[in-house]
Each structure stands twice: as C-alpha cells, then as structure tokens.
Amino acid sequence: MLVRPGFEFNGPWNAYHPYLYVQAVRKLVDRFRTLGAADSCAFVWCYYPTGAANDFDSVDTQGARWYPGDSCVDWFGLDCFASSDFH
C-alpha cells in the first residue's frame, strides 16, 4: 500500500506549518512501525512544485522545513498540473 501523508503538503490551500508537518509525518511512520504495519506500506513524500518558493530541501536552525528524512520516505512524488509547474 502506498501511504501519502499530507500530499501536496506545501500547497497554500493546506496551510500546513513546515516544521510541524515534518514532525507529524515522522509520528505517523513511527506509529505504523510500532503496529507492525510498515512492512506492508511504502511512504510517499509528495511535493507540489509551485506551492512554495523552491523550499523542498530547505534546512535551517529549526531543522528541515518539509522533508521528514530518508528513514520516513520510500518514494518521492511531484504533483504537476500545468506547464507552469515546470520551471
């Protein structure tokens, strides 16, 4: 099963907080592992390219803005809907 927590997380319509999103994904993946369900899942980190200004890999003193880490992400996804999504 593919699990895509908070897909298009950086889209302005979601109003997710970047650092809290990272914490939430880590908590969700840890819960799946605790329950023994992670072996049946692949976790997809799904970025919306025009949702924010090229910040998908930004890290600062607070940590990663959006990326929860390789230990929580099995697949990387992009949601592209229009030609303007490709810069």
Quick one: closest heavy-atom pair of Arg4 and Cys46, and the distance?
NH1-SG, 3.4 Å
To check you understand the geometry: which heavy-atom pair defines the closest contact between Arg65 and Val22, and what is its length?
O-CG2, 3.8 Å
Atom pair SG/CG of Cys72 and Asp30 - distance to nearest 0.5 Å
6.0 Å
Do Phe32 and Val73 sit in one hydrophobic cluster, given that two such residues count as connected whenever their side-chain heavy atoms are within less than 4.5 Å of each other, even indirectly?
yes
Heavy-atom pair of closest approach, residues Pro68 and Val25
CG-CG1, 3.7 Å
Whether Asn10 side chain and Tyr48 backbone form a donor-acceptor pair below 3.5 Å:
yes
Please round to the nearest 0.5 Å and tell me the distance separating atom CD of Gln23 and atom CG of Leu28.
13.5 Å
Single-linkage hydrophobic cluster Tyr21~Val59, side-chain heavy atoms < 4.5 angstrom
no
Under the 3.5 angstrom rule, does the side chain of Asn14 hit a backbone N or O of Gly6 as a donor-acceptor pair?
no
For the CE atom of Met1 and the CZ atom of Phe43, what is their distance to the nearest 0.5 Å?
7.5 Å
Who else is in Val44's hydrophobic cluster (ILVMFWY, side-chain heavy atoms under 4.5 Å, direct or via others)?
Leu2, Trp75
Tell me whether the rings of Tyr47 and Phe9 are parallel (<30°), tilted (30 to 60°) or perpendicular (>60°).
tilted
Heavy atoms only: give me the nearest Trp13-Glu8 pair and the separation to one decimal.
CZ2-OE1, 3.2 Å
Does a sphere of radius 6.0 Å around CZ in Arg31 hold more than 12 heavy atoms from other residues, nucleotides or ligands, not counting ones at 6.0 Å or beyond?
no
Indicate the ring-plane relationship of Trp45 and Phe76, choosing parallel, tilted or perpendicular according to the 30° and 60° boundaries.
tilted
